[in-house]
There are 2 protein chains.
Amino acid sequence: MAIETPLRCKQCSLYFESDNFCAQLSPIELVNLNRESRSAKLKRGDSFSDESLAQWPVVAVESGVLSLQHIMQDGRKTIAALFMRGDIIDLRSISDRKRGNLIALGKARVCRLSPSIFEKVVKANPDAHQVIWDNLREQTFRAIEHSVDLAKKQALEKLASFIFECRHHEGANDKSSSIVSIPIRRLDLAEYIGMQPETVSRCFRELESKGIIELETLTTIVIKNIPALRRIANGDRSVEENVKLENPDMKIISFA
Amino acid sequence: MAIETPLRCKQCSLYFESDNFCAQLSPIELVNLNRESRSAKLKRGDSFSDESLAQWPVVAVESGVLSLQHIMQDGRKTIAALFMRGDIIDLRSISDRKRGNLIALGKARVCRLSPSIFEKVVKANPDAHQVIWDNLREQTFRAIEHSVDLAKKQALEKLASFIFECRHHEGANDKSSSIVSIPIRRLDLAEYIGMQPETVSRCFRELESKGIIELETLTTIVIKNIPALRRIANGDRSVEENVKLENPDMKIISFA
DNA sequence: AATGTAATATGATCTATATCAATCATTGTT
DNA sequence: AACAATGATTGATATAGATCATATTACATT
């Protein structure tokens with residue numbers, strides 16, 4: 001009798017997209033992994049308890065955005081990392097040093113993978129190994145690049161950089177795509193790029209007033225001038241002046 | 001005829017410390033990897049050319065400190081990550097998006113590993129695989145924790161946090177060790193924690209004036225009050241006041 | 001040891017962004 | 001659909017840390 005791919009996996013986007021982990025697995029591997037795993041629907045604010053993470057330290061993100069949050073002793077909160085579809089969060093054996101709370105920033109679907117079966121599959125399946133390895137390195141360099149944004153960039157530059165990060169996450173391929181959706185709330189965005197929500201708001205306004213972006217809705221923006229936004233994100237301070245000259249935001253007052 | 005561990009490896013600390021990658025390898029594996037690899041001595045400022053990294057994208061750090069630097073278009077420089085002994089820097093196939101320059105911050109020894117042999121060994125040797133996987137995850141979480149420091153912490157808190165990072169790197173085990181060596185220059189330190197060298201200097205003085213640390217030399221400090229430094233690093237703002245009260249920095253002026 | 005150069009420290013200002021205060025908009029709930 | 005409740009915006013002010021200027025110290029080279 002032929003081994004059937006589990007129904008749950010058949011319905012999961014991680015199985016369909018060829019560059020994801022689960023798409024590399026054979027039906028037998030999927031059956032084994034699926035049997036010992038737990039999928040879950042999360043809503044904003046849902047967090048994984050320490051006990052849950054001790055038992056299920058490997059989490060695959062199917063959809064939505066998860067975050068790793070840090071709360072300082074006087075209440076300041078930071079979102080240290082974002083995880084999106086395709087990311088495999090591997091929190092094994094790092095519980096010793098407390099590394100933060102894993103919290104959903106909106107509706108999300110995840111699959112908590114059995115660590116032992118996961119490990120077995122990774123060792124046996126070279127393609128799966130490759131995918132998981134690349135994903136972890138991607139996470140590393142994403143974190144390092146985020147550090148660059150946080151270290152020396154100004155508010156406007158950080159926001160520009162974040163917009164490209166969002167753009168990269170979704171369309172990924174489509175070079176000319178200028179519609180970007182911001183998948184998280186302003187407050188979370190502020191906590192991620194290390195500024196205050198008020199400043200985030202002001203920076204959105206500033207980019208808009210310079211004609212570089214347009215705010216369609218709270219979560220959807222259109223980039224009107226990709227090169228200019230890119231230059232700001234890369235920290236070319238001269239641009240800001242130039243753009244201002246190109247688009248002087250003076251209004252013609254009607255005469256009596 | 002028995003296979004001899006290569007001389008070069010016998011003299012390398014990565015081979016002696018049991019938790020390092022090379023210590024997991026069999027003599028045969030070492031011979032193969034060693035034959036196709038290149039070790040190098042670096043001095044401060046030495047950087048890996050793009051061509052070098054294209055051919056040798058896997059670098060093992062034997063001693064010293066390497067950095068991943070980002071230069072913005074207007075000249076602002078950021079040190080995005082630090083790598084120290086035992087770290088394996090894997091820059092394979094990420095040359096597409098430019099990820100920064102790998103530069104030594106002082107005298108350092110590295111071993112550039114042949115990517116193909118490295119890959120072969122990792123797949124064949126489970127112990128080596130475990131070590132390299134743990135190291136990569138360690139790098140990821142180090143970067144994420146660094147983001148926490150950069151995002152919301154104040155100057156003094158960032159410096160305190162960095163001191164613990166240094167302490168963790170060297171002694172690692174010795175809980176009570178209060179002597180910490182700062183392995184990089186003030187300027188590099190400033191670029192790593194995202195502040196100006198002047199501010200770094202002022203913060204060292206402030207910690208000293210509060211009696212929390214003592215500056216032995218430029219590169220050696222003694223922590224006089226570990227819990228207080230820890231609380232500052234964790235962002236407990238109330239501490240700063242308390243310490244001030246406990247150690248009023250007034251000097252008794254000698255009377256005539 | 002002497003000398004020149006680079007790194008660090010200190011003091012005086014300035015500015016970007018945090019903070020505070022008050023509306024305005026959006027979302028979820030009954 | 002109406003109502004809270006939560007989130008986002010806007011304006012006024014305060015401040016931590018950047019920047020600029022200068023002095024001091026450490027380090028390398030002869």
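Each chain gets a letter, A, B and so on, in the order the sequences are listed, and its residues count up from 1.
Following rounding to the nearest Å, B:Gln154 (CD) and D:dA18 (P) show an atom-to-atom distance of 12 Å. Taking atom CD1 of B:Ile193 as the reference point, atom C1' of D:dG17 lies 12 Å away to the nearest angstrom. The distance between atom CD1 of A:Ile184 and atom C1' of D:dG7, rounded to the nearest whole Å, is 14 Å. In this structure, NZ of B:Lys153 is placed 20 Å from C1' of C:dT17, rounded to the nearest angstrom. As a whole-Å value, the separation of A:Glu198 CD from D:dG7 C1' is 11 Å. Between the C1' atom of D:dT9 and the CE atom of A:Met195 lies a distance of 14 Å, rounded to the nearest Å. Here the C1' atom of nucleotide D:dA18 and the NZ atom of B:Lys158 are 12 Å apart, to the nearest Å. To the nearest angstrom, C1' of D:dT9 lies 17 Å from CD1 of A:Ile182.
No side-chain donor-acceptor contact under 3.5 Å links A:Asn101 and A:Ser47.
Looking at heavy-atom distances under 4.0 Å, B:Arg205 makes contact with sugar-phosphate atoms alone, never a base. When heavy atoms are screened at a 4.0 angstrom cut-off, B:Arg185 is found touching the sugar-phosphate backbone but no base atom. Residue contacts shown for A:Gly194 are limited to sugar-phosphate atoms, with no base heavy atom under 4.0 Å away.
Taking 4.5 Å as the limit, some side-chain heavy atom of A:Leu113 sits within range of a side-chain heavy atom of A:Cys111. The side-chain heavy atoms of B:Gln154 and B:Leu156, taken from C-beta on, include no pair separated by under 4.5 Å.
When atom types are taken as modelled, the side chain of B:Gln139 and the backbone of B:Ile88 share a donor-acceptor pair closer than 3.5 angstrom. Using modelled atom types, no side-chain atom of B:Gln69 and backbone atom of B:Lys77 make a donor-acceptor pair closer than 3.5 Å.
Nearest-nucleotide positions on DNA chain C place B:Asp188 closer to the 5' end than the other of A:Cys203 and B:Asp188.
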Give every pair of a protein N or O atom and an N or O atom of nucleotides 25-30 of chain C that lie under 3.5 Å apart, one pair per line with the distance.
none

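Remark: the B:Arg202 side chain and the D:dT19 base include a donor-acceptor N/O pair separated by less than 3.5 Å. Taking 3.5 Å as the limit, the base of D:dC20 and the side chain of B:Gln196 contain no donor-acceptor pair of atoms between them.
Residue A:Thr199 places no side-chain N or O under 4.0 Å from the OP1 or OP2 atom of C:dT17.
Below 30°, between 30° and 60°, or above 60°: for B:Phe162 and B:Tyr192 the angle between ring planes is above 60°, a perpendicular geometry.
Nearest heavy-atom pair across A:Asp87 and A:Arg142 is OD1-NH2, 2.8 Å.
In the set C:dA9, C:dT17, D:dG17, the nucleotide with an atom closest to the side chain of B:Ser201 is C:dA9.
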